[in-house]
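Note that the structure is a prediction, hence the values are computed from the model and not measured. Below, chains carry the letters A, B, ... as their sequence lines are ordered, and counting in each starts from 1.
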There are 2 protein chains.
Amino acid sequence: MALRHAVLAALLDGEYSGYQLAKAFDIGVANFWHALPQQLYAELAKLEKEGLVSGRQVVQETRPNKRLFRVTDAGRAELEAFAETAAKPSFIRDDLLVKVQVADRVGTASVIGQLEERASAAEAKIELLGALLRQLRGDVDEEEFLLRGARIGPYLTCLRGLAFEQEHLTWCLRIAGILRERQSNHAER
Amino acid sequence: MALRHAVLAALLDGEYSGYQLAKAFDIGVANFWHALPQQLYAELAKLEKEGLVSGRQVVQETRPNKRLFRVTDAGRAELEAFAETAAKPSFIRDDLLVKVQVADRVGTASVIGQLEERASAAEAKIELLGALLRQLRGDVDEEEFLLRGARIGPYLTCLRGLAFEQEHLTWCLRIAGILRERQSNHAER
DNA sequence: TATGACTAATCAGTTTGTTGAGTATGATGC
DNA sequence: GCATCATACTCAACAAACTGATTAGTCATA
């Protein structure tokens with residue numbers, strides 16, 4: 001039961017429809033959780049049935065009607081309880097790492113390509129997160145913002161996401177380089 | 001269908017029983033995949049039925065009998081095919097990040113504690129991975145090993161795991177510090 | 001001599017997550 | 001004026017992952 005808490009966390013700062021939430025999940029919240037729109041709609045329905053969020057219908061002229069959700073007091077209490085419970089250990093779970101594990105034996109060339117693709121994706125994400133951080137902190141500098149800013153939670157998780165992507169980028173490029181070099185060494189002999 | 005490939009990758013360098021595999025998963029392979037023993041037994045059974053691994057019974061006197069598994073040629077081909085397909089994007093999925101997202105609103109004190117616990121766990125993992133890396137490369141230095149070592153796959157994934165844990169450690173301590181400082185600032189007023 | 005830890009595995013049940021298709025409407029672009 | 005995109009959401013089926021219990025013999029230890 002963790003998607004529910006990610007949804008509650010994402011919904012804490014405002015009212016969103018399922019559709020908007022799906023978008024938002026792709027930017028800010030995606031740093032620590034990932035979900036498809038179908039999951040979000042299902043989760044919102046469950047949360048509403050349990051009274052942890054409440055939805056209201058908004059009739060629109062030029063667009064299909066939508067339902068906006070907000071966290072209820074019960075929802076806030078649920079989040080509170082969740083924050084108190086011990087966190088499970090985290091771990092990476094990544095296809096690409098499985099491939100690197102066997103890359104010196106199997107399909108090296110393709111894995112090098114995938115590492116470089118990943119590196120590009122990481123670069124794009126880094127740009128995006130950088131922009132998001134600048135937007136979140138506004139004019140003040142980071143230290144100032146972190147000490148006195150009103151809502152730093154999202155900023156802190158973005159920092160983690162940024163560090164993760166930077167680390168990932170560095171690693172991908174280094175590993176791709178090593179595998180390349182080994183390939184050409186091998187060819188020489 | 002990714003656990004199957006993680007299992008094949010873990011089994012590439014030798015023969016293991018389900019039980020041993022469960023242990024091994026907790027050290028080397030845990031850098032990129034995590035699974036409970038039950039899952040591994042189930043996956044091994046499936047892989048055997050599909051002919052991707054083959055098991056042989058080993059009768060033991062003082063211990064319960066066990067079945068040792070090795071990757072077949074078909075299994076190697078399956079891994080090969082997997083390495084060729086495009087990798088899915090990876091993402092962090094972490095309870096603790098959800099909590100940090102709301103930490104400035106809800107249950108701050110408890111979250112600080114959890115961040116510090118995580119930091120300790122990361123430190124322990126860093127030690128463990130450091131030892132594992134030294135063991136894998138033997139006497140030669142890293143650069144030499146990466147260029148000319150026979151089997152560098154596991155080393156490369158451990159490097160990723162190590163970097164991840166170090167990053168995580170740094171972040172946890174920094175965030176715990178920030179949240180603490182904000183708490184005491186708040187108390188002053 | 002009971003107690004718990006280690007080896008070795010299996011079973012049942014539930015929750016999560018993924019895949020893929022489908023509905024409906026207005027806006028935008030060529 | 002036709003195709004495609006964006007908004008907004010739903011349904012069904014399936015695959016993967018997690019929870020928790022259970023069996024059963026050996027070994028060390030208190």
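- By the 6.0 Å and 45° rule, Arg160(A) does not stack over the aromatic ring of Phe91(B).
- The main-chain N or O of Ile152(A) is found under 3.5 Å from a side-chain atom of Asp104(B) such that the two form a donor-acceptor pair.
- Not one side-chain nitrogen or oxygen of Tyr19(B) sits closer than 4.0 Å to the OP1 or OP2 atom of dA9(C).
- Summarising the geometry, the separation between CD on Glu48(A) and C1' on dT10(D) is reported as 15 Å, rounded to the nearest angstrom.
- Residue Gln20(A) contributes atom CD, which lies 8 Å from atom P of dC9(D) at whole-angstrom precision.
- In this structure, the separation between CD on Glu78(B) and CZ on Arg4(B) is 5.5 Å, given to the nearest 0.5 Å.
- Rounded to whole angstrom, the span from the CZ atom of Arg63(B) across to the C1' atom of dA9(C) amounts to 14 Å.
- Around the CZ atom of Arg151(B), the shell of radius 6.0 Å holds more than 12 heavy atoms that belong to other residues, nucleotides or ligands.
- Between Ser17(A) and the phosphate of dC9(D), there is a side-chain N or O to OP1/OP2 separation shorter than 4.0 Å.
- Between Leu40(A) atom CG and dT7(D) atom C1' the separation is 16 Å, expressed in whole Å.
- Between Tyr41(B) and dA9(C), a side-chain N or O to OP1/OP2 separation shorter than 4.0 Å is present.
- For Glu80(A) against Val106(B), the heavy-atom pair with the smallest separation is CA-CG1, 3.4 Å.
- Judged by closest nucleotide on DNA chain C, Pro64(B) is the one of Pro64(B) and Glu61(A) placed further toward the 5' end.
- Distance, Arg56(B) CZ to dA8(C) P: 13 Å, rounded to whole Å.
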Please enumerate all protein N or O atoms sitting under 3.5 Å from an N or O of nucleotides 15-19 of chain D, with distances to 0.1 Å.
residue, atom, partner, partner atom, Å
dA16(D), OP1, Met1(B), N, 2.6
dC18(D), OP2, Gln39(B), OE1, 3.1

| said: For Val7(A) and Val53(A): C-alpha separation, side-chain torsions, deciding distance, then whether side chain to side chain contact (heavy atoms under 4.5 Å, CB included) applies. | reply: CA-CA 10 Å; Val7(A) 168; Val53(A) 305; 5.6 Å; no
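- Under 4.0 angstrom from either OP1 or OP2 of dT25(C) there lies no side-chain N or O belonging to Thr62(A).
- An OP1 or OP2 oxygen of dA6(D) is reached within less than 4.0 angstrom by no side-chain nitrogen or oxygen of Lys23(A).
- Going from atom NZ of Lys66(A) over to atom P of dA6(D) covers 17 Å, rounded to whole Å.
- Shown here for Leu132(B) and Cys158(B), the closest heavy-atom pair between the two residues is CD2-SG, 3.6 Å.
- In this entry the distance linking CD of Gln60(A) with C1' of dC9(D) reads 13 Å, nearest Å.
- Atoms CG (Leu44(A)) and P (dC11(D)) sit 14 Å apart, rounded to a whole Å.
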